[in-house]
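Below is one structure, written out as structure tokens, with a few remarks after it.
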Amino acid sequence: MDRRRNLALIDGNFRRRAAISHALAGCNVHVEPFEDIAEITYRWPRSGAILVADDGHGIEELIEHMTDHGQWLPVIGFSEGPDTGRVVRAVLAGALDYLQWPCPTDKILTAIELAESAAGNIGSLRLREARARSRVQKLTRREREVLEGVADGLSNRLIGEKLRISPRTVEIHRANMLNKMGASHTSEAIRIAIEASLVGS
């Protein structure tokens, strides 16, 4: 017997939510409907996938929330008659799949299965990125600039010249930066910055 799958459904259209929930009711899928992203943030699902109606910005908002809070679940976008640009934007934002509604139930089931099988690897990458971002967000603007200089391989003197501050001030910012990021050495701070997409690898 197939295991029961969990699906969070985010859609502001009540009729469509009801239709999708009804279609999946006999397929061993527990659907938890939400009207919008704000609602799901109050009752975050423990497992499963998220099927979200793409209103042009909802997928990006959802992915941003997950990255900021270190909560990752695979995302499947859908909309009625989407154009190629919309699908590409959703996938680039982090959606693992995209469906055109209406679609057959078996297509939704396949998308859920594929999203869940890919979720482990992608989820761990996203969580690493989220943790790195939360560390970088603790830094002041000047500390970030020093971190960028360090990542570029610049010495304290060259960073100071670039930022018009003394090498001693750079050293102080550098020490504060390492402390706030919980990094024991410079190479660890650079790795965190790369994971947070602050600097290029």
Side-chain angles (χ1 to χ4, degrees), residues 8 10 34 36-50 52 54-77 88-98 115-116 118-201:
I10 306 174
F34 298 92
D36 54 30
I37 291 163
E39 187 181 0
I40 196 173
T41 61
Y42 291 114
R43 291 184 292 132
W44 193 257
R46 290 185 179 183
S47 62
I50 301 177
V52 57
D54 182 11
D55 58 5
H57 57 81
I59 290 175
E60 288 90 339
E61 190 182 327
L62 178 62
I63 299 282
E64 193 175 308
H65 169 84
M66 291 195 294
T67 303
D68 288 346
H69 293 83
Q71 302 166 315
W72 179 258
L73 289 174
V75 174
I76 304 160
V88 169
R89 279 194 303 277
V91 171
L92 288 175
L96 296 185
D97 206 343
Y98 202 102
E116 286 185 345
N121 292 335
I122 293 171
S124 63
L125 287 173
R126 288 283 179 175
L127 285 176
R128 277 215 316 268
E129 180 186 344
R131 290 188 187 112
R133 277 193 191 176
S134 70
R135 289 182 179 189
V136 170
Q137 282 169 356
K138 294 175 184 174
L139 304 180
T140 64
R141 181 179 59 82
R142 183 62 88 195
E143 286 161 357
R144 284 189 194 206
E145 289 169 345
V146 168
L147 176 57
E148 288 169 10
V150 168
D152 286 339
L154 302 179
S155 65
N156 286 353
R157 184 180 61 77
L158 290 174
I159 293 170
E161 285 176 12
K162 186 178 175 184
L163 301 178
R164 296 194 173 112
I165 56 178
S166 72
R168 174 66 186 139
T169 303
V170 172
E171 204 176 295
I172 292 166
H173 284 309
R174 198 166 170 159
N176 289 340
M177 171 197 80
L178 290 173
N179 185 47
K180 286 182 183 178
M181 292 176 78
S184 52
H185 45 76
T186 303
S187 59
E188 188 181 354
I190 293 169
R191 178 186 57 76
I192 293 167
I194 290 168
E195 286 180 355
S197 304
L198 178 68
V199 297
S201 52

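Computed over heavy atoms, backbone and side chain alike; hydrogens, waters and symmetry mates excluded. Count residues from 1 along the sequence.
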Write down the atom of Leu178, the atom of His185, and the distance for their closest heavy-atom approach.
CD2-O, 3.6 Å
Atom CG in Asp36, atom CG in Leu62: separation rounded to 0.5 Å?
11.0 Å
Any residue meeting side-chain hydrogen bond (donor to acceptor under 3.5 Å, both in side chains) with Arg174, in chain and number order, not counting sequence neighbours:
Asn156, Thr186
Apply side-chain contact (heavy atoms from CB on, under 4.5 Å) to Asn179 and list each qualifying residue two or more places apart in sequence or on a separate chain.
none
In plain terms, say whether Arg144 and Glu148 are close enough for a salt bridge, that is, a side-chain N and a carboxylate O under 4.0 Å apart.
no
Rounding to 0.5 Å, atoms CD1 (Ile37) and OG1 (Thr41) come to a distance of 9.0 Å
Sub-6.0 Å ring centroid separation between His65 and Trp72
no
Do any side-chain atoms of residues 90-98 form donor-acceptor pairs under 3.5 angstrom with protein atoms, and if so which ones, sequence neighbours left out?
{"residue": "Tyr98", "atom": "OH", "partner": "Asp54", "partner atom": "OD2", "Å": "2.8"}
{"residue": "Tyr98", "atom": "OH", "partner": "Ser79", "partner atom": "OG", "Å": "2.8"}

Side chains of Asp152 and Lys162: does their closest heavy-atom pair fall under 4.5 Å?
yes
Any idea which heavy atoms bring Ile159 and Val146 closest together, and the distance?
CD1-O, 3.9 Å
Listed by chain and number, what are the side-chain hydrogen bond (donor to acceptor under 3.5 Å, both in side chains) partners of Arg46, not counting sequence neighbours?
none
Partners passing salt bridge (Lys or Arg N to Asp or Glu O under 4.0 Å) against Arg191 (at least two apart in sequence or in another chain):
Glu188, Glu195
Rounded to the nearest 0.5 Å, how far does CG of Leu154 lie from CD of Glu161?
10.0 Å
For His57, which residues count as a side-chain hydrogen bond (donor to acceptor under 3.5 Å, both in side chains) partner, sequence neighbours excluded?
none
Taking C-beta and beyond as the side chain, do Met66 and Val75 meet within less than 4.5 Å on heavy atoms?
yes
Pairwise side-chain contact, Ile76 with Ile50, heavy-atom cut-off 4.5 Å (strictly under):
no
State, with a plain yes or no, whether a side-chain heavy atom of Arg43 is found less than 4.5 Å away from one of Glu39.
yes
Can you find a heavy atom in the side chain of Leu163 that is under 4.5 Å from one in the side chain of His173?
no
Heavy-atom pair with the smallest gap, counting every atom of Pro74 and Gly48:
CD-O, 3.3 Å
CZ (Phe34) and CH2 (Trp44) are apart, to the nearest 0.5 Å, by 8.5 Å
Shortest non-hydrogen separation from Glu143 to Met177 and the atoms involved:
O-SD, 4.0 Å
Smallest heavy-atom separation, Ala8 atom then Ile40 atom, equals CB-CD1, 3.9 Å
What one should report as the nearest heavy-atom pair of Ile192 and Ala132 is O-CB, 3.4 Å
